[in-house]
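Heads up: the structure comes next, in structure tokens.
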Amino acid sequence: AQRVTQPEKLLSVFKGAPVELKCNYSYSGSPELFWYVQYSRQRLQLLLRHISRESIKGFTADLNKGETSFHLKKPFAQEEDSAMYYCALTQTSGSRLTFGEGTQLTVNP
Amino acid sequence: DGGITQSPKYLFRKEGQNVTLSCEQNLNHDAMYWYRQDPGQGLRLIYYSQIVNDFQKGDIAEGYSVSREKKESFPLTVTSAQKNPTAFYLCASSQQRTTEAFFGQGTRLTVV
């Protein structure tokens, strides 16, 4: 069974501080991992995916297969980063897409 | 205007009644999903479908049913067997497993 865990339900930082949102997964095969974001009153949308190895809005995430983690990081948080962030996993066969519990990030001025 | 549309936005149901939530997409996506979003529990997968006329149970399928008669439509029925149906329901679609999933705006169901 595949499972995604986000240990922090709430995370609060000050503007300009580094931020790290934790994501751990359990899956026996080779997973594909994603971060989705939901800004206030907006639809849930893709932020980044590990296969792209890209930086979106200053965020990066590295897949660590040894630690089964996919933490989301940003060196300098901005107020507009305040949102709900979800880590998600899909499997190499089939299209079951599983989400974590979500982390509500608040960036204070 | 391409996208994924859920209707209605708000839905009220009396206890003991079945209710169907609509989800339509014009993105030509093969895969479609239904999630339930509750505070503190994230998005939990109810059902998903990879192709027309085929669907699989997710983690919390009990009390729910779906159909996939057309590629663009994936309606979800919340039956009277669902013990705690009051929630926010999200529908999504994607072309392939590694591509972006697009979400609807959600339906908030309240049992009165």
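Numbered from 1 within each chain, the chains take letters A, B, ... in sequence-line order. Please read these numbers as outputs of a predicted model, since none were measured by experiment.
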(Q) More than 12 heavy atoms of other residues, nucleotides or ligands under 6.0 Å from CD of A:Gln78: yes or no? (A) yes
**Q.** Region of B:Asp38 that comes under 4.5 Å of a non-hydrogen atom in chain A
**A.** neither
**Q.** Minimum heavy-atom distance B:Tyr33-A:Leu97, with the two atoms named
**A.** CE2-CB, 3.7 Å
Q) Would one find more than 12 heavy atoms of other residues, nucleotides or ligands at under 6.0 Å from atom CD of A:Glu80? A) yes
**Q.** Interatomic spacing from CG in B:Leu90 to CZ in A:Phe99 - rounded to 0.5 Å
**A.** 9.0 Å
Q. Does any non-hydrogen side-chain atom of A:Arg49 lie less than 4.5 Å from one of B:Glu100?
A. yes
**Q.** Shared hydrophobic cluster, A:Trp35 / A:Tyr27 (ILVMFWY, side-chain heavy atoms < 4.5 Å)
**A.** yes
Q: Please round to the nearest 0.5 Å and tell me the distance separating atom CD of B:Gln37 and atom CD of A:Gln38.
A: 5.0 Å
Q: Give the minimum heavy-atom separation between B:Lys57 and A:Arg96, together with the two atoms involved.
A: O-NH1, 3.6 Å
Q. Of the backbone (N, CA, C, O) and the side chain (C-beta and beyond), which part of B:Leu45 lies under 4.5 Å from a heavy atom of chain A, both, or neither?
A. side chain
Q | Distance-minimising heavy-atom pair for A:Arg43 and B:Ile4 | A | NH1-O, 2.9 Å
Q | Exceeds 12 heavy-atom contacts within 6.0 angstrom, atom CZ of A:Phe76 | A | no
(Q) Is there a path of hydrophobic side-chain contacts, each under 4.5 Å between heavy atoms of I/L/V/M/F/W/Y residues, joining B:Met32 to B:Ile51? (A) no
**Q.** Structural part of B:Gln41 lying under 4.5 Å from a heavy atom of chain A
**A.** backbone
Q: Evaluate whether atom CZ of A:Phe14 has more than 12 neighbouring non-hydrogen atoms of other residues, nucleotides or ligands under 6.0 angstrom away.
A: no
Q | Joint cluster assignment, B:Leu11 & B:Val66, ILVMFWY side-chain distance < 4.5 Å | A | yes
Q: Look only at the side chain of A:Tyr36 and the backbone of B:Ala101, and say whether a donor-acceptor pair between them is shorter than 3.5 Å.
A: yes
Q.
Is it the case that over 12 heavy atoms from other parts of the model lie below 6.0 angstrom from the NZ atom of A:Lys73?
A. no
Q) When rounded to the nearest 0.5 angstrom, what is the spacing between CG in A:Leu44 and CZ in B:Phe102? A) 12.0 Å
